[in-house]
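Below: the structure, in structure tokens.
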Number of protein chains: 2
Amino acid sequence: MKISSMQEYGLRCILCLAAHKCDTPMTVREIAEKECLTTDYVEKILVTLRHAGLVKSIRGVNGGYVLEMPSKEISVAKVLESLGPVELGKSICKRFSGETDKCVHQGNCSIRPVWGVLNQFIYKFLSRLNLENLNQSENELKAEIERQCI
Amino acid sequence: MKISSMQEYGLRCILCLAAHKCDTPMTVREIAEKECLTTDYVEKILVTLRHAGLVKSIRGVNGGYVLEMPSKEISVAKVLESLGPVELGKSICKRFSGETDKCVHQGNCSIRPVWGVLNQFIYKFLSRLNLENLNQSENELKAEIERQCI
DNA sequence: CGGAATCTTGACTATTTTATCAGGTATTGT
DNA sequence: ACAATACCTGATAAAATAGTCAAGATTCCG
């Protein structure tokens, strides 16, 4: 059970933009240096985020990337979704091994509700969190989440 | 965000064993047929489950696999854990990209609590569920989970 | 005993996901 | 205009995951 590295790194990159207070856009190189990633990889991630409408690019000298909207309006769920699937069991029930072209449990699958409930919780949780929330110290955030969610 | 196919298929296979009421063990072939997987793949999965002490094998003619303990005592969490990681962000904070040998956010990572809370919820939830619970119709289970968990 | 049924193992191949590379295109400042 | 800066794109390489194959070991039964 894991998130893809694109999702994790993408979240970090966009968080970089959210934390960047200056008016000037942030270049790919700056983000890459901050996160210790290669510029090529950061590039790729940002292109995906741009296609999802979460960041926008400014070309030319002094160009770079900025958030498309205020950090408060960008939920973690949106960021992760744009970089890959967020639901847990979804892909499995669509991939089938060899012999049949539909899930053996089509009619009655007792595993489905397990993923269902988890997905619902995960999605709700990630939708409530936005980049502004994440833009505070680890301890503050932890406290806030625990107060709010448990 | 996804579970590995080994985890999904492994859960299905051990669920097969749990649902198998006869005294005789179930052969790899029978499980494979029921789940529409190849015998080789089922084999591989069962070996893993055996190493985790969740099933035991009986060799020779009339052999096969049986649960190592009553289905009530086997939690879904244990099954999934034995087949791969269950925690979400764990592997990411240990994999690093290229340039440094430790996480850039070591000291103060606001993403960590996000995975932390999710992991805690997921783990609790999957620990409460056992194979006996799953061994009922989709609708019954769904009702039970929703009553209990939300 | 001897062979059929069944598990056991490890190496191998295929597919998907990650990450890099290199060459291209757009924009801006001077 | 033009050179510098920075985004854009598609091909390719590397690594991880998924799935297959083949030969071996163990047990049962006649």
Side-chain angles (χ1 to χ4, degrees), chain A residues 1-13 17 24-33 35-52 54-66 68 80 83-85 90-92 94-100, chain B residues 1-13 17 24-33 35-52 54-66 68 80 83-85 90-92 94-100:
Chain A
M1 196 171 307
K2 65 182 187 192
I3 54 165
S4 77
S5 47
M6 276 273 244
Q7 286 176 318
E8 166 97 26
Y9 293 138
L11 184 53
R12 291 191 197 170
C13 289
L17 291 183
T24 60
M26 218 176 161
T27 68
V28 168
R29 171 189 297 267
E30 288 173 308
I31 299 173
E33 270 167 14
E35 297 299 330
C36 282
L37 299 170
T38 63
T39 55
D40 285 308
Y41 195 28
V42 171
E43 190 69 62
K44 193 171 201 171
I45 290 170
L46 287 177
V47 166
T48 307
L49 291 174
R50 185 168 57 80
H51 286 150
L54 298 177
V55 303
K56 76 182 160 200
S57 69
I58 296 164
R59 303 179 73 143
V61 177
N62 299 326
Y65 281 94
V66 294
E68 178 73 53
L80 296 180
L83 294 159
K90 199 165 190 180
S91 57
I92 299 283
K94 283 191 183 139
R95 284 190 262 151
F96 320 102
S97 187
E99 338 234 330
T100 58
Chain B
M1 197 171 301
K2 65 185 186 189
I3 54 166
S4 76
S5 48
M6 276 273 246
Q7 286 176 318
E8 165 95 25
Y9 293 139
L11 184 53
R12 290 191 197 172
C13 288
L17 291 183
T24 60
M26 219 176 160
T27 68
V28 168
R29 171 189 298 265
E30 288 174 307
I31 299 172
E33 271 167 14
E35 297 298 331
C36 283
L37 299 169
T38 63
T39 55
D40 284 308
Y41 194 29
V42 170
E43 193 67 64
K44 192 174 198 169
I45 290 169
L46 287 177
V47 165
T48 307
L49 291 174
R50 184 167 57 81
H51 286 150
L54 298 177
V55 303
K56 77 182 157 198
S57 68
I58 295 164
R59 303 177 72 144
V61 177
N62 299 326
Y65 281 93
V66 294
E68 178 75 52
L80 296 180
L83 294 158
K90 198 163 191 181
S91 56
I92 299 284
K94 285 194 181 139
R95 286 191 259 149
F96 321 100
S97 188
E99 337 235 329
T100 59

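What you see below is based on every heavy atom in this structure, not just the backbone, and it leaves out hydrogens, waters and symmetry mates. Every chain is numbered from 1 and lettered A, B, ... according to where its sequence line falls, protein lines coming before strand lines.
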Atom-pair distance (NZ on A:K56; P on D:dC7), nearest Å: 15 Å
Presence of B:T27 side-chain N/O under 4.0 Å of C:dC7 phosphate oxygens OP1/OP2: no
Side-chain donor/acceptor of A:E30 to backbone N/O of A:T27, under 3.5 Å: yes
D:dC8 phosphate, OP1 or OP2, under 4.0 Å from A:R50 side-chain N/O: yes
Distance in angstrom units between A:M6 CE and C:dA19 C1', rounded: 9 Å
Separation of D:dC8 P from A:L49 CG (nearest whole Å): 12 Å
Verdict with reasoning, A:T24 to A:N62, per side-chain contact (heavy atoms from CB on, under 4.5 Å): CA-CA 8 Å; A:T24 60; A:N62 299 326; over 6 Å; no
Side-chain N,O (A:Y41) to OP1/OP2 (C:dA19) below 4.0 Å: yes
Separation of C:dT9 C1' from B:I45 CD1 (nearest whole Å): 16 Å
side-chain contact (heavy atoms from CB on, under 4.5 Å) partner of A:V28, chosen from A:D40, A:V42, A:L37, A:T38: A:V42
Sequence-distant partners of B:V47, side-chain contact (heavy atoms from CB on, under 4.5 Å), two or more places apart: B:E43, B:R50, B:H51, B:Y65
Distance, nearest 0.5 Å, that separates CZ of A:R12 from CD1 of A:I45: 10.0 Å
Spacing of OG1 belonging to B:T48 relative to CE belonging to B:M6, to within rounding of 0.5 Å: 4.5 Å
Whole angstrom value for the distance that separates P of D:dG19 from CZ of B:R12: 11 Å
Protein-nucleotide distance (B:L37, atom CG; D:dA18, atom P), rounded to Å: 13 Å
Under 4.0 Å protein heavy-atom contact, by nucleotide of nucleotides 22-30 of chain C - B base, S sugar-phosphate only: B--BSBBS-
B:Y9 side chain, from C-beta outward: closest of D:dA18, C:dC7, D:dG19: D:dG19
Between C:dC7 (C1') and B:E30 (CD): distance, integer Å: 14 Å
Distance, rounded to the nearest Å, where B:H51 contributes NE2 and C:dC7 contributes C1': 12 Å
B:Y9 side chain near B:K44 side chain, heavy-atom distance below 4.5 Å: no
D:dG19 phosphate, OP1 or OP2, under 4.0 Å from B:T38 side-chain N/O: no
OP1 or OP2 of C:dT8 under 4.0 Å from side-chain N/O of B:S57: yes
Side chain to side chain, A:M26 and A:V66, heavy atoms closer than 4.5 Å: no
If you restrict it to nitrogen or oxygen atoms, what contacts under 3.5 Å exist between nucleotides 10-16 of chain D and the protein, and what is each distance?
none

Backbone of A:M1 reached by a side-chain donor or acceptor of B:Q7 within 3.5 Å: yes
